[in-house]
Every structure is written in C-alpha cells, then in structure tokens.
A.B. asks: 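First, the structure itself, so that you have it in front of you.
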Amino acid sequence: MPMNIRRAQDDSSRWVTFELAGQLYGLEILKVQEVLADTEIESVPGAVPQILGVANLRGAIVTILDLRLRLGLTPRPVASPVCCVVVDGHGESVGLRVDRVVDVRRIAEGAIKRAPATGGSHSTSGVMGVVSRPGELLTLLDADVLVSVLSPALNLVRAA
C-alpha cells in the first residue's frame with residue numbers, strides 16, 4: 001500500500017550565515033555552491049581592489065571577491081586564512097571571502113524585515129533584509145547583486 005507523504009508547506013528558507021568584522025551575515029543556501037575553509041589565492045594584475053584574485057577549484061578558475069571591501073568594511077590582511085563561500089551569481093561562480101562561516105539557519109519569511117534606509121539601494125548594496133533576534137542582528141545578502149556589480153571587473157579577470 002503506497003503512502004502519500006506530504007511535506008508541510010512552510011514559508012521559510014535556509015541561509016548560510018557567516019561573520020565579517022564581528023557582524024553576522026547570511027546568503028540564501030540555494031545560491032551557495034560550497035564553502036572553502038582555506039583557499040590559496042593567486043593575484044590578478046590590474047584587478048579592482050575588491051577582487052583578491054582567483055582560485056583553482058578542481059580545475060575551474062573562480063574569482064575571489066573581498067566581501068569586506070564590497071560592503072565598505074575594513075579590509076582584513078590577505079595573509080590570514082582565507083575562508084570563502086562560493087556562490088552562483090547570475091550563472092557565474094564567485095568566491096566571497098568571509099571571516100568565518102557560522103552555520104545554516106532556517107528563517108521564516110515573516111521574520112525577515114526590510115533593510116533600513118542607508119542612502120543606497122538594494123540594487124547596489126546587496127542587502128535583502130535583516131532578521132532581529134535577542135542578542136543578534138542578521139543581515140541577509142543577495143548573491144546576484146553582490147556579483148553583478150562587478151561584472152566589468154569579472155570580464156577583466158577572465159581576460160587576464
């Protein structure tokens with residue numbers, strides 16, 4: 001006798017959370033391809049400062065973006081261990097350098113609040129929203145926006 005198993009519909013999504021400069025951020029798990037604990041980066045001459053260089057990921061060359069610089073935070077020395085979250089942004093695999101990955105969280109859609117006005121727009125900042133819980137504030141980022149802003153620079157890196 002076949003069993004009909006139905007998963008309850010819930011309005012939640014899963015997010016990979018990480019730290020940058022002591023703040024908590026998240027990327028939707030559907031955009032995350034993998035996490036690299038210690039990545040060797042090769043610099044690319046002429047690349048914009050936000051691009052740390054490229055990494056060889058099992059034969060595929062992946063551009064590594066300094067997410068601290070992209071978000072206007074203080075840079076971290078390249079000599080320190082490089083942890084990257086590899087994301088798919090508009091079909092382009094890009095490694096986003098983060099300080100450390102924290103965990104994966106399920107977040108109810110109703111818990112996500114619109115990002116506060118900062119003078120910029122979602123279309124350039126990449127901030128999708130925030131989740132506030134006792135003792136923490138989680139800023140949710142849009143991988144497509146983070147990567148698309150660098151499209152001309154990514155073309156430069158590919159050509160190098």
Side-chain angles (χ1 to χ4, degrees), residues 7 10-44 47-109 111-113 115 122-151 153-158 160:
R7 188 173 176 182
D10 68 26
D11 291 332
S12 66
S13 52
R14 292 177 23 184
W15 296 77
V16 174
T17 64
F18 54 90
E19 284 185 359
L20 282 174
Q23 297 176 330
L24 192 60
Y25 293 88
L27 289 163
E28 192 168 18
I29 199 167
L30 295 175
K31 288 292 186 176
V32 174
Q33 295 176 340
E34 63 186 291
V35 174
L36 306 174
D38 192 12
T39 307
E40 189 172 319
I41 299 174
E42 297 292 328
S43 63
V44 176
V48 297
Q50 293 178 351
I51 294 181
L52 292 174
V54 295
N56 184 342
L57 184 60
R58 293 179 301 283
I61 302 303
V62 176
T63 302
I64 306 297
L65 171 68
D66 188 333
L67 196 51
R68 278 180 172 232
L69 288 178
R70 170 68 181 87
L71 296 175
L73 303 171
T74 57
R76 184 174 184 181
V78 175
S80 55
V82 178
C83 178
C84 291
V85 177
V86 180
V87 298
D88 174 21
H90 293 296
E92 180 77 34
S93 290
V94 175
L96 302 175
R97 181 185 188 197
V98 301
D99 294 351
R100 75 179 188 97
V101 172
V102 176
D103 59 14
V104 175
R105 299 182 183 188
R106 184 173 293 280
I107 299 173
E109 293 299 319
I112 301 172
K113 307 298 181 218
H122 165 70
S123 63
T124 59
S125 73
V127 176
M128 294 178 70
V130 294
V131 176
S132 177
R133 294 185 177 159
E136 79 175 11
L137 184 68
L138 170 61
T139 303
L140 303 178
L141 302 174
D142 184 334
D144 288 328
V145 173
L146 293 174
V147 172
S148 68
V149 171
L150 291 177
S151 291
L154 291 173
N155 290 334
L156 171 68
V157 168
R158 276 189 229 110

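We use all heavy atoms of the structure for the numbers below, so side chains are in, but hydrogens, waters and symmetry mates are not.
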A.B. asks: Using the rule given for side-chain contact (heavy atoms from CB on, under 4.5 Å), can you reason through Cys84 versus Val35, listing the C-alpha separation, both sets of side-chain angles and the distance that settles it, and then say yes or no?
C.D. replies: CA-CA 6 Å; Cys84 291; Val35 174; over 6 Å; no
A.B. asks: In terms of side-chain geometry, is the basic nitrogen of Asp99 or Arg68 positioned less than 4.0 Å from the acidic oxygen of its partner?
C.D. replies: yes
A.B. asks: Below 4.5 Å, heavy atoms only, C-beta onward: do Arg70 and Leu146 meet side chain to side chain?
C.D. replies: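 They are in side-chain contact.
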A.B. asks: With sequence neighbours left out, what residues match Leu30 under side chain to side chain contact (heavy atoms under 4.5 Å, CB included)?
C.D. replies: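 Checked Leu30 against side chain to side chain contact (heavy atoms under 4.5 Å, CB included); matches are Glu28.
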A.B. asks: Quick check: does any side chain N or O of Arg97 sit under 3.5 Å from a backbone N or O of Ile51, one acting as donor and the other as acceptor?
C.D. replies: no
A.B. asks: Please assess Lys113 against Val131 for the test side-chain contact (heavy atoms from CB on, under 4.5 Å), listing each intermediate value before the final yes or no.
C.D. replies: CA-CA 6 Å; Lys113 307 298 181 218; Val131 176; over 6 Å; no
A.B. asks: If you define the side chain from C-beta out and look only at heavy atoms, does anything of Leu73 sit under 4.5 Å from Gln23?
C.D. replies: yes
A.B. asks: Nearest 0.5 angstrom please: Phe18 CZ to Leu27 CG, how far?
C.D. replies: 4.0 Å
A.B. asks: Counting C-beta onward and ignoring hydrogens, is there a side-chain heavy-atom pair between Val62 and Val54 closer than 4.5 Å?
C.D. replies: no
A.B. asks: Within the structure provided, determine whether Thr139 and Val127 are in side-chain contact (heavy-atom separation under 4.5 Å).
C.D. replies: yes
A.B. asks: Go through Lys31 and Asp144 one step at a time and tell me if the side-chain contact (heavy atoms from CB on, under 4.5 Å) criterion holds.
C.D. replies: CA-CA 8 Å; Lys31 288 292 186 176; Asp144 288 328; 3.0 Å; yes
A.B. asks: Any salt bridge (charged side-chain N to carboxylate O under 4.0 Å, His left out) pairs touching residues 47-58, not counting sequence neighbours?
C.D. replies: Glu34-Arg58
A.B. asks: Taking all non-hydrogen atoms of both residues, which atom of Ser12 and which atom of Ala108 are closest, and how far apart?
C.D. replies: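 Reported closest heavy-atom pair: CB-CA, 3.9 Å.
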A.B. asks: Under 3.5 Å, is there a donor-acceptor pair linking the side chains of Glu109 and Ser13?
C.D. replies: yes
A.B. asks: Side-chain contact test, heavy atoms from C-beta onward, threshold under 4.5 Å: evaluate it for Leu67 versus Leu71 and give yes or no.
C.D. replies: yes
A.B. asks: Which atom pair, heavy atoms only, marks the closest approach of Asn56 to Gly59?
C.D. replies: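 Looking at all heavy atoms of both residues, the closest pair is OD1-N, 2.8 Å.
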A.B. asks: Any side-chain heavy atom of Val86 within less than 4.5 Å of one from Val94?
C.D. replies: no
A.B. asks: If I take atom CG from residue Leu20 and atom CG from residue Asp66, how far apart are they, to the nearest 0.5 angstrom?
C.D. replies: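 Leu20 atom CG to Asp66 atom CG measures 8.5 Å (nearest 0.5 Å).
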A.B. asks: Tell me, do Leu52 and Leu65 make a side-chain contact under 4.5 Å, heavy atoms counted?
C.D. replies: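 Sidechains of Leu65 and Leu52: no contact.
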A.B. asks: Would you say Val87 and Leu96 make side-chain contact, with heavy atoms under 4.5 Å?
C.D. replies: yes
A.B. asks: Could you check Leu137 against Val130 for side-chain contact (heavy atoms from CB on, under 4.5 Å), going step by step and ending with a plain yes or no?
C.D. replies: CA-CA 7 Å; Leu137 184 68; Val130 294; 4.2 Å; yes
A.B. asks: For the atom pair CH2 (Trp15) and CG (Leu141), what is the distance rounded to the nearest 0.5 Å?
C.D. replies: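 Between atom CH2 of Trp15 and atom CG of Leu141 there are 8.0 Å.
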A.B. asks: Quick one: side-chain hydrogen bond (donor to acceptor under 3.5 Å, both in side chains) partners of Glu40, sequence neighbours excluded?
C.D. replies: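 Applying side-chain hydrogen bond (donor to acceptor under 3.5 Å, both in side chains) to Glu40 gives none.
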A.B. asks: Has Arg14 got more than 12 heavy atoms of other residues, nucleotides or ligands less than 6.0 Å from its CZ?
C.D. replies: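 Counting other residues, nucleotides and ligands, CZ of Arg14 stays at 12 neighbours or fewer.
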A.B. asks: Mind listing the closest non-hydrogen atom pair of Ile41 and Gly53 along with its distance?
C.D. replies: CG2-CA, 3.8 Å
A.B. asks: Taking only residues two or more places apart in sequence, or in another chain, which ones meet Ser93 in a side-chain hydrogen bond (donor to acceptor under 3.5 Å, both in side chains)?
C.D. replies: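 Testing Ser93 for side-chain hydrogen bond (donor to acceptor under 3.5 Å, both in side chains), a comparison that skips the adjacent residues, returns Gln33.
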A.B. asks: Mind checking what makes salt bridge (Lys or Arg N to Asp or Glu O under 4.0 Å) contact with Glu42, not counting sequence neighbours?
C.D. replies: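 So Glu42 forms no salt bridge (Lys or Arg N to Asp or Glu O under 4.0 Å) with any residue.
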A.B. asks: Please name all residues satisfying salt bridge (Lys or Arg N to Asp or Glu O under 4.0 Å) with Arg105, sequence neighbours left out, ordered by chain then number.
C.D. replies: Asp103, Glu136
A.B. asks: Looking at every non-hydrogen atom in both residues, tell me the closest pair between Val147 and Gly89 and how far apart they are.
C.D. replies: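 Heavy atoms of Val147 and Gly89 come nearest at CG1-O, 3.8 Å.
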A.B. asks: Just jot down the side chain to side chain contact (heavy atoms under 4.5 Å, CB included) partners of Ala55, sequence neighbours excluded, or say none.
C.D. replies: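 Only Thr39, Ile64 meet the side chain to side chain contact (heavy atoms under 4.5 Å, CB included) criterion with Ala55.
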